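Values below: every heavy atom of this structure, side chains too, minus hydrogens, waters and symmetry copies. Chain letters run A, B, ... following the sequence lines, proteins first, then strands; residues in each count from 1. Here the structure is a predicted model, which means the values were calculated and not measured.
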Amino acid sequence: MASVPGTRFSEDEKRRDADHISFLKHRRFRWLWVALLLSVVSILGYALIDQEPRPNGGSWYGYTLGTIGLLLIVWLSLLGIRKRRMSEGSWSLKAWTSAHVYLGLSLIVVGTLHTGFQIGWNVHTLAYALMMIVILSGIWGVYAYAALPRELSANRGTMTGGDMLDRIAEIDKKLESAAQPLDRACCDLVLDVLRQDVFHGSALSRLTNSYPGCATRKALAGISASGSDAEARVHELLTSRAEQLAQMRRYLRIRAMLEVWLFIHIPATIALLAALLAHVISVFYYW
Amino acid sequence: MSDVFKVAIIGSGPAGMSAAGQAAKRGMSHILLEKTDHLSDTIFKYQKGKHVMATPSDLALRGGGYEEGVLAGMEFEEGTRERILGIWNKHCRIVDPSIPEPEHEVQDFEINTRLNAEVVGVEGQKGAFQIKLKDGDTIQAEAIILAIGTQGNPNLLRCPGADHPMITPQLDDPEDHVDKNVIVVGTGDAGIENALGLATDPALGNTVTILNRGTDFAKAKTKNATDLTSADEEGYLRIAYRTSPAEVRDGEMVVETETGQEVIPADMIITRIGSQPPRKFIESMGIEFTSEDRSAFPKLSPEFETTKEGVFVIGALAGYPLIKHCMNQGYDVIEYLATGEAVKPADEPLLEKVFENLPGNRSVDYWLELYRTQVDLFGGLSTLQMRELMLDSICSAFAPGEAIFRRDEPGSSLFAVAQGSVAVEVNPNDPSITVPIEQGSIFGEVGLVSGRRRGATVRAAEDVVVVELSRKAALKLIGSSPEAAEAVKRISIERQMLQLFGSGLTREDVQPLVDSAVTEEITAGKPVVTEGDTEDKDVFIVRFGSMRVEKGEGGHATFLGLIPAGNLFGEMGVIDGQPRMSTVRAAVKSEVIRIPGEAFLDLLAKKPQLRERARQIMDERRRSNEEIESQKSREDGTVDSFSGLAAFLFDEGMGEATDALLIDERLCIGCDNCEKACADSHEGLSRLDRETGKTFAYLHVPISCRHCEHPHCMTDCPPNAIQRGADGEVNINKDTCIGCGNCKSYCPYGVISMEPAPPEKPSFMSWLMFGTGPGPGEASYSWRKEHGDPNKAKKAVKCDMCAGIDGGPACVRACPTGAAIRVSPDKFLTLAKMTEDVEN
Ligand SMILES: Cc1cc2nc3c(=O)[nH]c(=O)nc-3n(C[C@H](O)[C@H](O)[C@H](O)COP(=O)(O)OP(=O)(O)OC[C@H]3O[C@@H](n4cnc5c(N)ncnc54)[C@H](O)[C@@H]3O)c2cc1C
Ligand code: HEM
Ligand code: SF4
Ligand code: SF4
């Protein structure tokens, strides 16, 4: 079909025809194959090339692997910028992530061979260790990306995070008036509920979904469902508040789980880049 | 009052105001009659602080110019609603505490204004009209200028007490009403929005009841209906079902319910039950309209005189919805009345521009006349109509061989040949096969009707002069002239058949089919062909809209496929004479061409090639149906979930979409990178709301434009700012948008928002290095407010499919996992695509 000059038509058609596929399967695992090839070639080279006096980072083959590894790491780190900088061009973040994951994994081979299995308490091994930490956290990340989205979707249904907050705020308004006839002690329980920040809880609470100081739960325990009409009404409202809160907390937990590994991945990347710099300088300095 | 005014001006909108101002300036005896207790009701009802735009910017405002430092004519320039009304109040010596007085000096025209003067009837002839007011007064005038706009009169309740003062057809600001008992009558969008506005802010303390005559909310958008029912469930307001007003009394309303009468206390009753367009009132004066169509306007002379001599119609009622046009017309008519000579119309320079690319340096009048006499479709038009039509059009000349448009280009405009002829390349594989279109005829009508891409390339066969009518102008023409409508319909049916049946056929071949064809409008969900039917032996072509093919009953129907506009269906039953194998129903509001089976069979008998093609289509369809059914017998639920998903996507507007964003929830990690990329590609505002929207199984349809084939948003855009762009996107021109919000209320998917352009953010690098500014993505509302210019006008904002951005839609490119996809329904609604194993 002839394309129309001066428009994006053929490009758009390609997009509309494109496979609808996850980053791991992108282009029939193109980057997996590239990474495997890189790994296999590296291993073969390591086994076949006679490195004098012994395999290590200082031989010419070691330098080659080191350079490849360094370039890879720098490129992998650039994902942080690519992700946030939306510019023109036919790139897709999905393709980048796909390549990132597989090439990142191939560093296990490239990096390890580069060390020539010489491990010690020095800046070189520090860089290696940091790299492995980054990679391991990356694997955790991929696991999270693969496993958690369904849970996130099932939990939220048609509600957005904002809807959940709105719903709680609505319940709170009703609680406030429903609690008027209650006795002092019960009123205080409800007041505690209303005063408590909906986001109450530590980072750990959020990840483990356990909130020992939850005022809603305390109030539920303290106000009887079989008491006066007013108490029963408040109990009912508290029950729906607790349910709504639980949904929101599951939402927060899953979203936190999808991000928490980055709190290792990114700082460790920065540390790794610093360590690499030290590693490279020291190598050249002592050369 | 016994004076006879030279002119009575009815309606004080921009059109009437400007006429009155010019009459006053000339010292012509006049009276300005206004129904409401304020000037310019349409503008008065704009949102407070609304920034009023003065477009088109290249149109000069008549009667301007300064005398001794004071603007001599009627003032109007871009500014807030308050500023404009303030100036006009001063022109008319009206004091309204809600509108601040302008600070600068304003010309006092001594306009003779009478507020609260609704005109209910006009009698008499030119030179001696009697104008009847609602309060019983009669006013005498020699001539009348009707400038009453298109708002019309709100419908009244049909029960005793319908004129009770606590009844209002309008709610300006919900926050003005505190601690009231309010009854809202009418469950369309306007009624629901008013009810929610009054009820959901508990600080207002209102008790709101909304009356619903039935049990559903068919007239409202789904979002409004669900918001309303949940507000009812949560106790913010009460919906009284199967309830209608019986009587309005002081402080209460009696209503009729299923179980008898009930009394509801009321301090205010809002009636949102539609309005009567002013047409009847105008016709009662003896003024004719151009056609029966609802969108038709009164017949007018070049001087805006109606078929009733001495009565002139200007402004929105004459078909010109922009304030500047309205004002110029007011000036022109007064000048005409005063001097007896027509003023050179103010749009002359604009028209000169329209014709500037045509050869020979001819005058505007020459071209207008040439187009009018040469193009068959324009035969019945008046000069005024021609001018209006051409304003929104593009006139161009092409050299032989030059392409006018190409196959697969998006385009919904209509072309007409004024000089020369063009050739249509009907066969995509062989450009040498062409069909001619002669001088006077039209082309491009298939795109206009179906909303789909161009089906063929059209080139100039010799030197040609053509006109391209914008979709809006073409629809207006069709709406106002029944002959034009009929002609376009006939031609489009013929061409659609020629296109569909491919090359080798001539106009004569399809003539019997065209003659026997009828078009039928099909509402969404209605079947055209029913499974098992043995009676019906017709074939159909989808004229616009789309069809869904299904097998089986109701909720368990198996979805077999989508038939987009321009395609044939129903051929199987006709060719092999079997009962219908599946049900074909409209996926959205559609139109089909029904062709009697015998006529179709006759044609097949004569044309073996065509017979072959029809067989091919049939076999392909049969194969795909069989595949789906064989999968179904495997009973792993794939086909059922596919059918369910298809049904869901149709509900979400996929039947009329051309390119829509979907999110695969199996892959979405909720990072909102799509939204951030959208904002950063578009001056800082995201046009999509990822999390909101519906989900079914694994597919989520976010709030984002679907780029409809026939965009609802285009329905009533005064400056015609919404267009389909070069890449098929439905795009709002932010320079010409006047921020009226019409598109927002017409879009059924709630994807348009009204926002001022946000302030510029510090660069990405300075954010990365020094943390300046809000970072990537849409800045928070508070940041925008703090750093933005409070005087920026709110304009319509929606997805433009990243028009002009190399690489295509940023939302999809920015998704790290592949969850965000943009699809077109005819490619996506297939078993293979929708059951693709996307995961790891
Ligand atoms: C929300 C919104 C925003 C808009 N923003 C802009 C903008 O920024 N720029 C722009 O150029 N255009 C804008 N428009 C379009 C523009 O406001 C209208 O097209 C324009 O006001 C039409 O002017 P008019 O004089 O023909 O009629 P109107 O302004 O409608 O005035 C008609 C007047 O006649 C009175 N009347 C009606 N019937 C009778 C009767 N029987 N007897 C006596 N009086 C009667 C009415 O009360 C009214 O005051 C906007 C429209 C809307 C709805
Ligand atoms: C030394 C090697 C690596 C480096 C330096 C590195 C660095 C980075 C950086 C800088 C980011 C951007 C984070 C952000 O800004 O949000 C990132 C993201 C990510 N990394 Fe790595 N990474 C490495 C290896 C890996 C490996 C081996 C995997 C997987 C097996 C992996 C998986 C990911 C994933 C899934 C993301 C998130 C992508 C997104 O959400 O856009 N990384 N990495
Ligand atoms: S804005 Fe709404 S009506 Fe207009 S094209 Fe987009 S989805 Fe359709
Ligand atoms: S784009 Fe929308 S808001 Fe802007 S002028 Fe057109 S209809 Fe009104």
Proximity breakdown for [X] and chain A, heavy-atom pairs closer than 4.5 Å:
{"X": "B:Pro816", "value": "both"}
{"X": "B:Ala819", "value": "neither"}
{"X": "B:Ile669", "value": "both"}
{"X": "B:Leu768", "value": "side chain"}
{"X": "B:Phe405", "value": "neither"}
{"X": "B:Ala810", "value": "neither"}
{"X": "B:Cys678", "value": "neither"}
{"X": "B:Arg453", "value": "side chain"}
{"X": "B:Met765", "value": "side chain"}
{"X": "B:Ser681", "value": "side chain"}

Can you tell me which portion of A:Leu258 sits under 4.5 Å from chain B's heavy atoms? Options are side chain, backbone, both or neither.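 It is the side chain, since no backbone atom gets that close.
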
Any chance you could measure [X], atom [atom1], to [Y], atom [atom2], to the nearest 0.5 Å?
{"X": "A:Asp12", "Y": "B:Met801", "atom1": "CG", "atom2": "CE", "answer": "4.5 Å"}
{"X": "A:Leu148", "Y": "B:Arg666", "atom1": "CG", "atom2": "CZ", "answer": "16.0 Å"}
{"X": "A:Tyr145", "Y": "B:Cys671", "atom1": "OH", "atom2": "SG", "answer": "6.5 Å"}
{"X": "A:Lys173", "Y": "B:Tyr236", "atom1": "NZ", "atom2": "OH", "answer": "3.5 Å"}

Side chain to side chain contact (heavy atoms under 4.5 Å, CB included) assessment of B:Asn673 paired with A:Leu93: CA-CA 10 Å; B:Asn673 229 33; A:Leu93 195 62; 3.4 Å; yes

With B:Asn429 via side-chain contact (heavy atoms from CB on, under 4.5 Å) - residues at least two apart: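 B:Asn429 satisfies side-chain contact (heavy atoms from CB on, under 4.5 Å) with B:Asn427 only.
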
Going by heavy atoms in the side chains, are [X] and [Y] under 4.5 Å from each other?
{"X": "B:Phe828", "Y": "A:Arg16", "answer": "no"}
{"X": "B:Thr817", "Y": "A:Lys94", "answer": "no"}
{"X": "B:Tyr698", "Y": "A:Arg150", "answer": "no"}
{"X": "A:Trp96", "Y": "B:Arg813", "answer": "no"}
{"X": "B:Pro809", "Y": "A:Arg15", "answer": "yes"}
{"X": "A:Arg156", "Y": "B:Glu691", "answer": "yes"}
{"X": "A:Pro149", "Y": "B:Leu667", "answer": "no"}

Tell me, out of [options], who's got the most heavy-atom pairs with chain A below 4.5 Å.
{"options": "B:Ala820, B:Gly235, B:Gly808, B:Gly728", "answer": "B:Gly808"}
{"options": "B:Cys802, B:Gly693, B:Gly777", "answer": "B:Cys802"}
{"options": "B:Ala679, B:Ala803, B:Cys668", "answer": "B:Cys668"}

[atom1]/[X]: more than 12 non-hydrogen atoms of other groups inside 6.0 Å:
{"X": "A:Trp91", "atom1": "CH2", "value": "yes"}
{"X": "A:Asp229", "atom1": "CG", "value": "no"}
{"X": "B:Lys694", "atom1": "NZ", "value": "no"}
{"X": "A:Glu176", "atom1": "CD", "value": "no"}

Where B:Thr695 and A:Ser153 come nearest, the two heavy atoms and their spacing: CG2-OG, 4.4 Å

Shortest non-hydrogen contact between A:Ser90 and B:Asp806, atoms and distance: OG-OD1, 4.5 Å

How would you list all residue pairs meeting side chain to side chain donor-acceptor pair (under 3.5 Å) that involve residues 820-831 of chain B, not counting sequence neighbours?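 Every pair satisfying side chain to side chain donor-acceptor pair (under 3.5 Å) with a residue in residues 820-831 of chain B: A:Glu13-B:Lys827, A:Asp17-B:Lys827, B:Arg452-B:Asp826, B:Asp659-B:Arg822, B:Ser824-B:Asp826.
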
At under 4.5 Å between heavy atoms, what parts of residues 248-257 of chain A are in contact with chain B? List them by residue number.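 From residues 248-257 of chain A, the residues near chain B are A:Tyr251, A:Arg255.
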
Hey, can you pull the donor-acceptor pairs under 3.5 Å for the side chains in residues 73-83 of chain A, sequence neighbours left out?
| from | atom 1 | to | atom 2 | distance (Å) |
| --- | --- | --- | --- | --- |
| A:Ser77 | OG | A:Ile73 | O | 2.7 |
| A:Arg82 | NH2 | A:Ser87 | OG | 3.0 |

